[in-house]
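These figures come from a predicted structure and were not determined experimentally.
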Amino acid sequence: MEAASDVGLYGLAVMGRNLALNILDRGFGLSVYNRSRERVDAFMAEHGAAYPRLVATADEREFVASLASPRRILLMVKAGEPVDEAMERLLPLLAEGDILMDGGNSNYRDTERRLLRAAERGVRFVGLGVSGGEEGARKGPSLMPGGDPEAWPVIRPFLEAIAAKVPSGEPCADWMGRGGSGHFVKMVHNAIEYADMELIAETYHLLRVYLKTSHDEMRTVFAEWNKGDLSSYLVGITADALGVMDEDGEPLVEKVLDSAGQKGTGAWAAAAALELGAPVGLLAEAVFARDLSALKDERVGACAVLGGPKAAPTGERHSMIEDLRKALLAAKIVAYAEGFLLLRRASVEYRWDLDLSRVALVWREGCIIRSAFLDHIAEAYRRESGLPSLLLDAHFKALLDQCMPSLRKVTARAIESGAPVPAFAAAVSFYDGYRSTWLPANLLQALRDRFGAHGYERVDRPRGETFHSEWK
Ligand code: NBP
């Protein structure tokens, strides 16, 4: 009789296959199962000989029976109904204390529901945020588990072994909290990823159209920026992408259709922010910018109808490139400040007690937004766990003092020149709104009281006392 496997992996599509190899390389015994048998057969044909501790299983019963107790099962199936379907087939076969981890991009509300469903059978459910794409899954992803806290000590050695490591050797896997917190943190990670990418795209737009920078020069600019405060995976791969030529010798990026899609997590984050009353305009604009790009045909039609300034190159190229670097850095700080604001709001609302320093630590390696920048965020929350905003941390405040004038200048120039910069503009607005002792919301309150008798508080009376007036 074969020794029972340490872990079971359910779902052998792109992510599952890469995670399976990662798990096997870390020395774990692994049972694999996939709904359609062909994926299991193909995987065994390719890797069975190299990994003696790899076990193929033909159905859920055999899969579950092949695992050591308490069972640790990682689901890597398509988010949504497939997770519920797989779960319903597995639950009757599992015993009390077994652990079911959902490593897909599930909505955190579904995770909350599944936790309760699993608990009915005494099964410990974990919503596991996984970031890093295919490459991260293979070499070490960033892992954000949350859910039933009893599961953490049992899955910790496994998750830490397969996670990405920072140079000091620390794994990028840590317990986030109860309920759907793991998947919520992953969702916010993706929202920040959208914002990071949109800011880089707006910078590229201004470099390309307004500064008439060649692709070779842009590649050098991003590669140079990648050595300083902006150093990050995304800036690094931007430099790489700008250097790739098509067969005809022209930059390949210019052959790519300018219409971007979005798969859900960015939109979920914006919707969650609206529900939680978290003002994260930049994160939301990054989603809307993709949606606007997708209206390609309408945009082409509108171009012939709507007037506006024409792109005219500016004369101050050298200084503008440095302004762009600073603008990108300032706006990036605002994007992360918004992301952490959203996490803080959710943590209070759902009583997750998220440790924001630990969140920043698990994003340092393995994931798409990995960068040295996250070390400073972790330090900021270590210094002051209740920090109201990253903008107020001494390190980020000093950078903002240096870079905000450039962000204002670049944004103003872009708007005057007719270049859409929704993320840059949202960054300036958030910064200015957040530092305003007075905002025109008093007039909003007066109007609301006029048409809906909503009542208002007065500046010369204690908070909580409400007044109603006749505004005619
Ligand atoms: P997909 O999201 O493409 O899902 C395909 C897998 O789901 C196959 O194994 C398929 O089985 C299985 N499946 C489906 Br579809 N319906 C099922 C059902 N009713 N019951 C059981 N299994 C079912 O795979 P992926 O791209 O590897 O992603 C897996 C998860 O990881 C997703 O939630 C994804 O969002 C998330 N994720 C992906 C990335 C990435 O970079 N791709 C990064 C991070 C997280 P079949 O072979 O029988 O059709």
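- For Tyr381, the side-chain hydrogen bond (donor to acceptor under 3.5 Å, both in side chains) criterion is met by no residue, not counting sequence neighbours.
- Between Trp471 and Phe451, the ring center distance fails the sub-6.0 Å criterion.
- Note on residues 361-384: pairs passing salt bridge (Lys or Arg N to Asp or Glu O under 4.0 Å), not counting sequence neighbours, are Glu170-Arg364, Arg364-Asp375, Arg383-Asp393.
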Can Trp268 and Tyr108 be said to form a ring-ring contact (aromatic ring centres under 6.0 Å, His included), step by step?
CA-CA 9 Å; Trp268 291 348; Tyr108 71 101; 8.4 Å; no
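- Counting all heavy atoms, side chain and backbone alike, Ser293 lies closest to Ala260 at OG-N, 2.8 Å.
- Ser142 places a side-chain N or O within 3.5 Å of a backbone atom of Val362 that can act as its donor or acceptor partner.
- The local environment of CG in Asp297 is sparse, with at most 12 non-hydrogen atoms from other residues, nucleotides or ligands closer than 6.0 Å.
- Residues Asp110 and Arg114 meet the side-chain proximity criterion, which asks for heavy atoms closer than 4.5 Å.
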Pair Trp363-Phe340, ring-ring contact (aromatic ring centres under 6.0 Å, His included): steps then yes or no:
CA-CA 12 Å; Trp363 289 346; Phe340 279 83; 5.7 Å; yes
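- Between the side chain of Lys165 and the backbone N or O of Pro171, no donor-acceptor pair lies under 3.5 Å.
- Of the residues listed (His183, Met187, Arg358, Met176), the one engaging Met144 in a side-chain contact (heavy atoms from CB on, under 4.5 Å) is Met176, and it is the only one.
- Using cut-offs of 30° and 60° for the angle between ring planes, the Tyr456 and Phe467 rings count as tilted.
- Taking 4.5 Å as the limit, some side-chain heavy atom of Val410 sits within range of a side-chain heavy atom of Leu206.
- The two residues Ala380 and Leu387 come nearest to each other via the heavy atoms CB-CD2, 4.1 Å.
- Tyr336 and Asp196 share a side-chain donor-acceptor pair at under 3.5 Å.
- Applying the side-chain hydrogen bond (donor to acceptor under 3.5 Å, both in side chains) criterion to Arg461, with sequence neighbours excluded, gives no partner residue.
- Contact between Leu75 and Ala86 at its shortest, heavy atoms only, is CD2-CB, 3.9 Å.
- When side chains are defined from C-beta on, Phe184 does not count as touching Leu354, because their heavy atoms never get closer than 4.5 Å.
- Minimum heavy-atom separation, Asp258 to Arg299: O-NH2, 2.9 Å.
- In this structure Glu349 satisfies the side-chain hydrogen bond (donor to acceptor under 3.5 Å, both in side chains) test with no other residue, sequence neighbours excluded.
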Check step by step if side chain to side chain contact (heavy atoms under 4.5 Å, CB included) holds for Tyr204 and Thr238.
CA-CA 9 Å; Tyr204 151 77; Thr238 302; 5.9 Å; no
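- When all heavy atoms of Gly129 and Lys186 are compared, the pair lying nearest together is CA-CB, 3.7 Å.
- The heavy-atom pair separating Pro145 from Trp152 by the smallest distance is CG-CZ3, 3.8 Å.
- In this structure, Ser389 contributes its side chain and Leu391 its backbone to a donor-acceptor pair below 3.5 Å.
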With side chain to side chain contact (heavy atoms under 4.5 Å, CB included) as the criterion, how do Trp225 and Leu324 come out once you've worked through the C-alpha distance, each side chain's angles and the decisive distance to 0.1 Å?
CA-CA 10 Å; Trp225 290 355; Leu324 271 173; 4.0 Å; yes
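- Between the side chains of His215 and Glu250, not a single donor N or O lies within less than 3.5 Å of an accepting N or O.
- By the 4.5 Å heavy-atom criterion applied to side chains, Arg317 and Thr213 are counted as neighbours.
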Using side chain to side chain contact (heavy atoms under 4.5 Å, CB included), reason through Met101 and Phe158 one step at a time and then give a plain yes or no.
CA-CA 12 Å; Met101 294 170 267; Phe158 162 64; 4.0 Å; yes
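- A search for ring pair (Phe, Tyr, Trp, His ring centres under 6.0 Å) contacts involving Tyr194 returns nothing, not counting sequence neighbours.
- The list of salt bridge (Lys or Arg N to Asp or Glu O under 4.0 Å) pairs with a residue in residues 265-293, not counting sequence neighbours, reads Arg109-Glu275.
- Here the straight-line distance linking atom CG of Leu343 with atom CD1 of Ile192 works out to 6.5 Å at 0.5 Å rounding.
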Test side chain to side chain contact (heavy atoms under 4.5 Å, CB included) on Ser469 and Arg450; report intermediate values, then the result.
CA-CA 8 Å; Ser469 303; Arg450 162 75 167 80; over 6 Å; no
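- When atom types are taken as modelled, the side chain of Ser231 and the backbone of Asn226 share a donor-acceptor pair closer than 3.5 angstrom.
- When the shell of 6.0 Å around CZ of Arg138 is examined, it contains more than 12 heavy atoms from other residues, nucleotides or ligands.
- Within 6.0 Å of CD on Glu81 lie no more than 12 heavy atoms contributed by other residues, nucleotides or ligands.
- Asp102 and Ser106 are linked by a side-chain donor-acceptor pair at a separation below 3.5 angstrom, with hydrogens and angles left out of the test.
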